[in-house]
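Heads up, the thing below is written out as structure tokens.
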Amino acid sequence: MHFSIFAMMKIQNDLILRAAKGEDIERYPVWLMRQAGRILPEYREVRGKLSGFKELVETPERAAEVTIQPVDLLGVDAAIIFSDILVVPEAMGLEYQMIEKKGPWFEKTIRSEEALKYAEFDFDVEDRLGYVTEAIRITNKELGGRVPLIGFAGAPWTIFCYMTEGQGSKTFSESRKILFTNPTLAHELLVRITKVTIQYLKAQIKAGAHMVQIFDSWAGILGKEQYAEFGLKYMDQIASAITEVPVTIFAKGAYNSVVEIAAMDCNTIGVDWNMQITDIRNSVGEKRTLQGNLDPCVLYSSHNEVERQTNNMLNSFISKRHIVNLGHGVYPDIDPEKVKTFINTVKNYELKH
Ligand code: CP3
């Protein structure tokens, strides 16, 4: 396999990679989920020159530009490639629209065996998603090794949700209905999504992603047993298949599956703000790094309060195996100055361990 030359370039600030692997660190690394885009006026300016979100995602030079913005403007310890988890169903043939203020919308959904024909699962990922791998190459070249670059994909369960529901939902009841009415179809689809996702993550790594995160945003809407059958089973296959770089699993709301997730071949477990760091540490032990978990809404409070709450979180860490983040993506109307206070509080915190 030929790895991009920029992927192999020495990284100046490799704190996050060391933290993920459980190596020694001088201070906790910090970044934010959804840091690329959303909150920065500089992002909106780049986006405003194009027809919209999708054109930005599909234009590697511009995607690289907005990927690097938070590194320059906020001082985070990692970049995450600007893209979306929905590029995967789109590459399969389910095109989506990103509707302003509403979110994604798919014209075609897969709710029956016959509808499987709408999607293709056997294709050259590098060919159809070449705009993502190209954006990764350009980003690394322009970053010049300043910080690592995170690649990502949606977990099969979350991708299944969008492919079956066809849009965002609070309950994803159409998706969950299939688990009861046609579990065979559910597995048929999940197996195929898993296969493509592994190829996609490997393509990102080959292009230069230094670590990867799998987002299971809708993990929390399933009961424990169903999540084991339709979620964790496929997550585990991905975690085992990715051996090249550190893997982070972020299964939002999967409080009661943390032990099962920790048993997978991953380095880092994403923790949302409903979970208690001390609890999770007790059940996971020291063999995995934890990532999170400040409530994104804390960033609506005063600078002093942001600092206080961030320090409270940091004080709850009893080891070095932490990557600091919010408990979910940063909200679009958060003041970037508050984000900077959060980041600087982490950077100024003296390690006690
Ligand atoms: O983290 C980053 O900064 C990298 C970029 C990134 C985006 N989406 C860009 C984006 C990442 C990692 C994602 C992941 C993603 N996309 C998830 C998993 C993480 C999570 O938040 O749970 C999900 C569920 C999606 C699907 C998606 N994309 C939805 C539901 C929406 C609409 C609502 C929203 O979040 O804004 C999007 C749009 C989207 N993806 C935007 C961005 C910057 C907003 C589009 C815009 O610029 O208007």
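First listed ligand is number 1; within each ligand, the first listed atom is number 1.
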(request) Only heavy atoms count here, so choose which of Tyr162, Trp31, Phe152 is nearest to atom 24 (C) of ligand 1. (result) Tyr162
(request) From atom 30 (C) of ligand 1, work out which of Pro70, Pro104, Gly103 has a heavy atom at the shortest distance. (result) Pro104
(request) Go through ligand 1 atom by atom and flag the ones less than 4.0 Å from a non-hydrogen atom of Ala36. (result) 2 (C), 3 (O), 43 (C)
(request) Look at atom 40 (N) of ligand 1 and find which of Asp84, Thr158, Ile99 reaches it with the closest heavy atom. (result) Asp84
(message) So for ligand 1, is Trp218 a polar contact partner (N or O within less than 3.5 Å, distance only)?
(response) no
(request) Using a strict 4.0 Å threshold on nitrogen-to-oxygen distance, state whether Lys202 and Glu244 make a salt bridge. (result) yes
(request) Answer yes or no: does an N/O atom from Glu100 fall short of 3.5 Å to an N/O atom of ligand 1? (result) no
(request) Check whether any heavy atom of Arg44 sits under 4.0 Å from an atom of ligand 1. (result) no
(request) Would you mind telling me if ligand 1 is within reach of the side chain of Ser83, the backbone, both or neither, using heavy atoms under 4.0 Å? (result) backbone
(request) Considering heavy atoms of the protein only, find what lies nearest to atom 34 (C) of ligand 1 and give residue, atom and distance to 0.1 Å. (result) Arg38 NH2, 3.1 Å
(request) Among all protein heavy atoms, pick the one closest to atom 42 (C) of ligand 1 and tell me residue, atom and distance. (result) Phe53 CE1, 3.4 Å
(message) So is Leu56 touching ligand 1 or not, going by heavy atoms under 4.0 Å?
(response) no
(request) For the pair Phe82 and Phe53, name the ring-plane relationship: parallel under 30°, tilted 30 to 60°, perpendicular over 60°. (result) perpendicular
(message) As an exercise, identify every atom of ligand 1 less than 4.0 angstrom from a heavy atom of Ile81.
(response) 4 (C)
(request) Could you tell me whether Arg18 and Asp24 make a salt bridge, using a distance below 4.0 angstrom between a side-chain N and a carboxylate O? (result) no
(request) Report yes or no: do Glu337 and His303 form a side-chain donor-acceptor pair below 3.5 Å? (result) no
(request) Provide the number and element of each atom of ligand 1 under 4.0 Å from a heavy atom of Ser217. (result) 18 (C), 19 (C), 20 (C), 22 (O), 24 (C)
(request) Flag the pair Glu100 and Arg47 as a salt bridge only when some basic side-chain nitrogen lies within less than 4.0 angstrom of an acidic carboxylate oxygen. (result) yes
(message) Heavy-atom distances under 4.0 Å decide this one: backbone, side chain, both or neither, for Met98 against ligand 1?
(response) side chain
(request) Going by the side-chain contact (heavy atoms from CB on, under 4.5 Å) test, name the single residue among His322, Arg281, Lys352 that passes it with Phe317. (result) His322
(request) Compute the centroid of each ring, for Tyr162 and then for Phe172, and state whether the two points are separated by less than 6.0 Å. (result) yes
(message) Assess, by modelled atom type and distance only, whether the side chains of Ser51 and Glu55 contain a donor and an acceptor separated by less than 3.5 Å.
(response) yes
(message) How long is the straight-line distance from CZ of Phe152 back to CD1 of Ile81, given to the nearest 0.5 Å?
(response) 8.5 Å
(request) Salt-bridge test for Glu90 and Arg128: reply yes if a basic N is under 4.0 Å from a carboxylate O, no otherwise. (result) no
(request) Among all protein heavy atoms, pick out the one at the shortest distance from atom 10 (C) of ligand 1; state its residue, atom name and that distance to 0.1 Å. (result) Arg34 NH2, 3.3 Å
(message) Tell me whether Tyr43 reaches ligand 1 (any heavy atom closer than 4.0 angstrom to a ligand atom).
(response) yes
